[in-house]
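No hydrogens, no waters, no symmetry mates; every other heavy atom, side chains included, goes into these values.
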Amino acid sequence: MMKRLLALLCLFVLCTACTSKNTPEKSAPAKTQRVQQTAPEAPTPQNATAVAKHLSTIASRVPKVNSATAIVFGNTAIVGINVDAKLDRSRVGTVKYSVAEALQKDPHGAHALVTADADIVQRLREMNEDIMRGRPISGFAEELADIAGRIIPQAPARNPGQH
């Protein structure tokens with residue numbers, strides 16, 4: 001019995017002697033800081049003419065678009081596209097949607113309205129020419145509002161988390 005007790009005591013001493021103290025170093029407690037989450041603000045175009053040219057270029061790169069013209073006012077743009085007159089109506093709708101998607105990926109094109117209506121595209125082109133001649137865009141406010149009102153049903157749906 002004494003041998004068993006001595007053997008248990010030796011085993012206990014060996015077990016405790018072999019284990020090393022692996023206590024973690026005491027470090028400063030982690031500090032947390034609360035930050036209010038905010039949605040990023042939509043970029044405001046610095047130069048409406050440059051942004052309009054940029055959006056026209058993006059729209060022109062979409063397959064089946066022959067040319068494009070754009071007018072920017074505030075954070076909204078109206079982009080008119082010329083497509084082949086032989087395209088059927090459903091294919092034109094698909095091209096318009098493709099242009100809207102391409103523009104939506106650009107920070108300045110996020111709120112762009114797209115039209116392939118030949119009359120509206122011609123009006124946009126004429127307004128662009130007047131703007132290039134120095135006529136202020138504010139003089140087109142009523143006409144732009146009329147154009148936007150005709151186009152809005154064609155705007156692509158936005159994702160709920162997207163601004």
Side-chain angles (χ1 to χ4, degrees), residues 24-163:
E25 293 182 27
K26 292 191 177 190
S27 59
K31 293 182 181 181
T32 59
Q33 183 176 4
R34 294 199 181 263
V35 178
Q36 183 178 358
Q37 295 292 322
T38 59
E41 290 185 32
T44 54
Q46 300 301 318
N47 180 341
T49 304
V51 173
K53 286 180 184 178
H54 173 71
L55 297 178
S56 296
T57 301
I58 291 172
S60 296
R61 290 181 183 155
V62 173
K64 304 288 184 188
V65 175
N66 297 333
S67 64
T69 187
I71 292 185
V72 175
F73 53 102
N75 287 335
T76 304
I78 299 178
V79 180
I81 59 171
N82 284 324
V83 294
D84 188 350
K86 296 177 186 175
L87 285 179
D88 64 26
R89 181 174 272 200
S90 65
R91 183 67 181 139
V92 172
T94 303
V95 173
K96 283 179 11 183
Y97 191 82
S98 297
V99 170
E101 282 185 322
L103 294 172
Q104 195 172 17
K105 293 176 185 174
D106 185 82
H108 295 298
H111 301 286
L113 304 172
V114 180
T115 183
D117 182 280
D119 293 334
I120 294 176
V121 172
Q122 183 59 35
R123 285 168 66 186
L124 291 173
R125 193 169 279 124
E126 289 168 3
M127 283 191 281
N128 255 335
E129 290 171 5
D130 287 344
I131 291 169
M132 295 300 172
R133 288 187 205 118
R135 184 172 171 198
I137 195 166
S138 60
F140 300 107
E142 190 173 313
E143 192 168 1
L144 289 172
D146 179 50
I147 290 171
R150 289 178 61 185
I151 298 172
I152 287 178
Q154 299 298 321
R158 302 218 188 282
N159 295 335
Q162 193 174 16
H163 291 100

Engineer: Could you tell me whether the side chain of Ser67 and the main chain of Asn82 form a donor-acceptor pair under 3.5 Å?
Structural biologist: no
Engineer: So, for Pro63 and Val95, which heavy atoms are closest and what is the spacing to 0.1 Å?
Structural biologist: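 Where Pro63 meets Val95 most closely, the heavy atoms are O-CG1, 4.1 Å.
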Engineer: Calculate, to the nearest 0.5 Å, the distance between atoms CG and NE2 belonging to Asn47 and His54 respectively.
Structural biologist: 12.5 Å
Engineer: Taking atom CD1 of Ile71 and atom CG of Asn128, what is their separation to the nearest 0.5 Å?
Structural biologist: 4.5 Å
Engineer: What pair of heavy atoms forms the shortest contact from His111 to Thr76, and how long is it?
Structural biologist: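 In terms of heavy atoms, the two residues are closest at O-CG2, 3.5 Å.
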Engineer: Does Asp88 reach the main-chain N or O of Arg91 with its side chain, forming a donor-acceptor pair under 3.5 Å?
Structural biologist: yes
Engineer: Under 4.5 Å between any side-chain heavy atoms of Asp130 and Met127, yes or no?
Structural biologist: no
Engineer: Could you give the distance from NZ (Lys64) to OG1 (Thr94), rounded to the nearest 0.5 Å?
Structural biologist: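 Result: 11.0 Å between the selected atoms.
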Engineer: For the residue pair Val83 and Leu87, what are the closest heavy atoms and their distance?
Structural biologist: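 In this case the closest contact between Val83 and Leu87 is CB-CD1, 4.0 Å.
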Engineer: Could you give the distance from CD (Glu101) to CG (Asp106), rounded to the nearest 0.5 Å?
Structural biologist: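 CG of Asp106 is found 14.5 Å from CD of Glu101.
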Engineer: Of all the heavy-atom pairs spanning Ala52 and Ala70, show the shortest one and how long it is.
Structural biologist: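 Heavy atoms of Ala52 and Ala70 come nearest at CB-O, 3.4 Å.
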Engineer: Under a 4.5 Å cut-off applied to non-hydrogen side-chain atoms, are Thr115 and Leu124 in contact?
Structural biologist: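 A side-chain contact exists here, since the closest heavy-atom pair is under 4.5 Å.
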Engineer: Determine the sole option in Ile81, Val65, Val79 for which the side-chain contact (heavy atoms from CB on, under 4.5 Å) test with Lys96 is passed.
Structural biologist: Ile81
Engineer: Between Ser98 and Val62, which heavy-atom pair has the shortest distance, and what is it?
Structural biologist: CB-CG1, 3.9 Å
Engineer: Any chance you could measure Arg123, atom CZ, to Thr69, atom OG1, to the nearest 0.5 Å?
Structural biologist: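 Reported value, rounded in 0.5 Å steps: 13.5 Å.
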Engineer: For the residue pair Met132 and Thr49, establish whether any side-chain heavy-atom pair is separated by less than 4.5 Å.
Structural biologist: yes
Engineer: Looking only at heavy atoms, which two atoms of Ala116 and Val121 are closest? And how far apart?
Structural biologist: C-CG2, 4.2 Å
